[in-house]
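Indexing begins at 1, ligand by ligand and atom by atom, following the structure's order. Computed from a prediction, not measured in an experiment: that's the story for all the values here.
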Amino acid sequence: MPIIAAIAGLLLLALVFGPQLWVRRVLAQHAVDRADLPGTGAELARHLLDEADLQSVAVEETDLGDHYDPTARIVRLTAPHFHGRSISAVAVAAHEVSHAVQHARGEPAFTRRFDLVSKLGWIERTAGIVLMASPFVFAVVRSPALLALEIAAGVALLGIRVVVHLATLPVEFDASFGKALPVLERGQYLEQDDMPAARSVLKAAAWTYVAAALATLLDVVRWFRIIF
Ligand SMILES: [Zn+2]
């Protein structure tokens, strides 16, 4: 029995943290600076935005993860992708610009996703409160069943985030393969030999939010950060 429990535990950990590790590995693998590339991620983002007639959308550096902010209309890239001349920088920049294009065109799937994601904040806070309260409730009531129930409820609430990001994956795949990939192919920003690597990065970029949401499920440190 302990062996089955250990295997089940390992499978669970692989399911929860595996996608995040994979996304990070793919991005790191192709983050090597390449002097032969025509520009940095930030320069490419600016160029692609201008080409799409989106001069009003800014490009900024961030340490909160690469994303497009529809409220401020800003494409934000992390330092390695903002300053870097790598396949990861090029592909991620093209992916985030594609979100700005989805937004500018008023694509319904993008708008729906934005509405859904903006509602996730309070669900996360509720989950945080439930999880944080559980040790105190246990100290008072001393019921392991209630403790397990509270933790299960908190994790289930965090699971809503996974479901939302899974349901909105088509928006991510459209950004990567419906828009960014054809733009990279047409513009010949990368050599043909680099395209398979670019495709891997675009795939990882599309799965980023699902992977992050999965990892949140068992990220105890983050549970505490949600509240404080
Ligand atoms: Zn995206």
*asked:* Once side-chain hydrogen bond (donor to acceptor under 3.5 Å, both in side chains) is applied, do any residues pair with Arg73, and if so which ones, sequence neighbours excluded?
replied: none
*Please report the number of protein N, O or S atoms that lie less than 2.8 Å from the Zn ion (ligand 1).*
4
_Using the side chain to side chain contact (heavy atoms under 4.5 Å, CB included) definition, which of the options Glu107, Lys179, Glu172 pairs with His99?_
Glu172
*Which residue pairs pass the salt bridge (charged side-chain N to carboxylate O under 4.0 Å, His left out) test with at least one member in residues 190-199, sequence neighbours excluded?*
Arg34-Asp194, Glu185-Arg199
*Quick check: does any side chain N or O of Asp33 sit under 3.5 Å from a backbone N or O of Arg85, one acting as donor and the other as acceptor?*
yes
_With a 4.0 Å cut-off on N to O distance, would you call Lys119 and Asp115 a salt bridge?_
no
_Once ring-ring contact (aromatic ring centres under 6.0 Å, His included) is applied, what residue pairs with a partner in residues 61-92 remain, sequence neighbours excluded?_
Tyr68-His103
